[in-house]
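Structure first, then comments.
Fair warning: this is a prediction, and the values are worked out from it, not measured in the lab.
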Amino acid sequence: MTGDKYKVSIDDAVIPIVEFREDQMGKTFELETLRILINSSELKPLDLHQRIQRSLCTLILEGTLEPGMRLPATRKLSQSLGIARDTVENAYVQLHRDGYIERRVGSGSYVTESLGRAVRGKSKRRGSAKGGKNDSSIDLGLSHRGEGYRKTGSVADTNSVKAFITGLPETRTFPMAIWEKIQRQVTREYGEKAMLHGDPQGAEPLRKAIATYLNLERGANVAPNQILILSSTRQSLFLCAQLFSDHNKPILIEDPSYYGAKKVFEANGAPLIPVEVDEHGLKTAFLNSENTDASFVYVTPSHQYPTGVTLSLERRLELIEWAASNGKWIVEDDYDSEFHYEGLPTACVQGLDSYNRTIYLGTFSKTLFPGLRLGYMVLPSELVNIFVNARNIIDGYTPQIPQLTLAHFMADGHYNTHIRAMRKLYAERREVMVQSLEKYMSDIVDVIRPEGGLQIPCFLKEGWSEEETITKARRHGINILGLSQLYTNEKKREGWVLGYSSLSDYEIEKSVIALSNVLRKK
C-alpha cells in the first residue's frame, strides 16, 4: 500500500489511492482509474456496488485488466475504498455471473482467461480509431442507401416557437379542452381494444373521416380503402422512394423544392432531375421533352414550396396526360392547401386524374399540431397492398388512440371549425408579415405575397448576400431559411423563406425589426 500520499473521495469519504501487486504475475492493479470511473457522472445515479461492477467491466473490456489477472480480495478492496465489504462482494458476484471473472476457492478472483481474444480485438479496434467515431478511414460497411444517409445528413425540426420558423402552425390557440374530452371518450368507448396492435393501413373510422373531408373540401375522388395512415409526409416520401426508385434511378422534382423531400430522395440514392417552376407552377413542357426512366414526379401544386405559386389548371391536365401516356406516377404533396386566402383553392390533381396515376399526400402537422404525428397517403387501388406491406415491415402501425381521437374530432365538425378559424388568423398574419417587411426591409428584399400557405418567399436585392445575411442573423440568435439551398439546379435565386404562422402580430413585427437592425449593423 502506498499510504496516504495521494487521496481520493468516493461518496464524500476520503480514501487513499492504493496499488496491489500480484506476485505470481508481476502485475500492478492501480485504483486511480477505478476511482475515476466509479465517480463518473454517467454512473452516479446507480448504487455503489453497481458502479464498482460497471467500472471493473469497463477496465476488463478495454484491456486495462488483462485476462488471467488476479483482482484484489474483496476485503482489501473494501478497505482501500473505505466502503463495506458486502458492497464489493455484490459487485464481484455480478461480475462472476456475467462471465467477466472467475472465482477460485482458496486462490482468489481472476479476469476470465477465455476473454483474451475478444478483449485484445476490442482494444486493438479502439486504438485504431484515430479520428473517433466519425473517422472517415473506418470501413462502416454501409449499403448504397446507408452511404446516402451518411452523406446527405438529416432534416432538423424545431421543438419551440421561434421567429421565422417555416411550416409551424399556431398551437397556443388549439382547442385542447375539446381534444382531451374526445380522447377520454375514445378510451371509454374502445377500452383495452385501443391498447392492442392496430391496423397497418390505419384505423377505419379515421380513413372514413379523411375520405369524406377530401371528397367534399378538396374535390378528390377517394374511398376509405385507398387511404394509408402514416406518421408524416416524409414517411410517405420515404415509401415512394423505396418502392419506385432503385439506387441511381432518378426522381423528377420541382426546382426549387421542399428540403425534406430532397433529403429523403437523395438519402435513398436517387439522382434528382430538377424541373423549373415559374409563375404558373411546374413547367410541364419540360416533362414532355425529357426522356427519363424516372418512375414519378414530386409536385406541390396547391402552394408550390417555397415560391407559393399555384399550378394552373391547364398544366394540371398536361401533367396528368404525361403520367398516363408514359406510365409514370404523380406524387402530389398537398401539405397546406387548407390555407388558401385568395378565393377557393383549385381542386387537387388526384380528383382530376381519371387515369388513377396520382398518389396524394396529406398531413395534420400543419392543420392541427406537429406533435400529433399523423399524415396519410391516398393510393390507387393497385398500390394499396404493396404500400401497406412495406409500411407494416418498417414500423407496423400508427398508435390507435390519436387516430380514433382525430376521427371523432373530424366527424363532430371540430376540424372544419378549427381550419376556418386558422385560415382567417393566418391570412391576417400574412398581411402583417408583408407590411412589416415592406416597411422595415424594402431596401433589402423583394417580398412575394403568396395566395396561401404558412411562409413567405423573399428575394434579396442586389448587393445583399444570402450566406452573409444568414450568418449575421444566426450570430444574433435569429435563424432564417436560405432560398438557394432549396434549388437542385445550378441556376438559383438568393433569398429567404420566412415563416409567420406561429407568431402573433406583435411578434412578427418585433422579429422583422430585430432582423432589420441586425443586418444593418457594421
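Using modelled atom types and a 3.5 Å distance limit, the side chains of Y355 and E321 yield a donor-acceptor pair. Using modelled atom types, one finds a donor on one side chain and an acceptor on the other under 3.5 Å when comparing T398 with R391. Side-chain polar atoms of Q235 and S231 form a donor-acceptor pair below 3.5 angstrom. Side-chain N/O atoms of Y397 and Q201 include no donor and acceptor closer than 3.5 Å. Side chains of T284 and E318: a donor on one and an acceptor on the other come within 3.5 Å.
Taking a 6.0 Å sphere around NZ of K472, one finds it holds more than 12 heavy atoms contributed by other residues, nucleotides or ligands.
Residue S501 comes nearest to Y426 through the heavy atom pair O-CE2, 3.4 Å, listed as atom of the first residue, atom of the second, then distance. When all heavy atoms are compared, the tightest approach of L368 to P169 is O-CG, 3.9 Å. Scanning both residues, I251 and A270, for their nearest heavy atoms gives CD1-CB, 3.7 Å. Of all the heavy atoms in Y360 and C348, the pair that sits closest is CE1-CB, 3.7 Å. Nearest approach of M441 to L519, heavy atoms of both residues: CE-CD1, 3.8 Å. Here the shortest heavy-atom pairing between S465 and L460 reads C-CD1, 3.8 Å.
One finds the NE2 atom of H303 at 7.0 Å from the CD atom of E451 (value rounded to the nearest 0.5 Å). Atom NZ in K366 sits 5.5 Å away from atom OG1 in T363 (nearest 0.5 Å). Taking NZ from K262 and OG from S257, the interatomic distance works out to 7.5 Å, rounded to the nearest 0.5 Å. Once rounded to the nearest 0.5 Å, the distance linking CG of L319 with CG of D353 reads 8.5 Å. Rounded to the nearest 0.5 Å, atoms OG (S436) and CG (L498) are 11.0 Å apart.
Under the side-chain contact (heavy atoms from CB on, under 4.5 Å) test applied with L406, the options Q403, M410, H408 reduce to a single match, M410. Here the options are F369, F174, Y376, the test is ring-ring contact (aromatic ring centres under 6.0 Å, His included), and the partner is F364; only Y376 passes.
The pair K249-D293 does not meet the salt-bridge criterion, since no charged nitrogen lies less than 4.0 angstrom from a carboxylate oxygen. The pair D443-R520 meets the salt-bridge criterion, since a charged nitrogen lies less than 4.0 angstrom from a carboxylate oxygen. Under the 4.0 Å criterion applied to side-chain N and carboxylate O atoms, R315 and E254 are not assigned as salt-bridge partners. Salt bridge status for R218 with D334: present, with a side-chain N to carboxylate O gap under 4.0 Å.
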> Step by step, would you call E468 with T471 a side-chain hydrogen bond (donor to acceptor under 3.5 Å, both in side chains)?
Replying inline: CA-CA 5 Å; E468 290 177 4; T471 301; over 6 Å; no
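Using cut-offs of 30° and 60° on the angle between ring planes, the pair Y258 and Y305 is perpendicular. Between W329 and F244, the ring planes are parallel. Angles under 30° get that label, and only those over 60° would be called perpendicular.
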List, one per line, each side-chain donor-acceptor pair under 3.5 Å for residues 482-489, sequence neighbours excluded.
unit_1: S484; atom_1: OG; unit_2: E466; atom_2: OE1; d: 3.3
unit_1: S484; atom_1: OG; unit_2: E466; atom_2: OE2; d: 2.6

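Pairs passing the salt bridge (charged side-chain N to carboxylate O under 4.0 Å, His left out) check and including a residue from residues 416-436, sequence neighbours excluded, read E170-R429, E342-R430, K424-E428, E431-R449.
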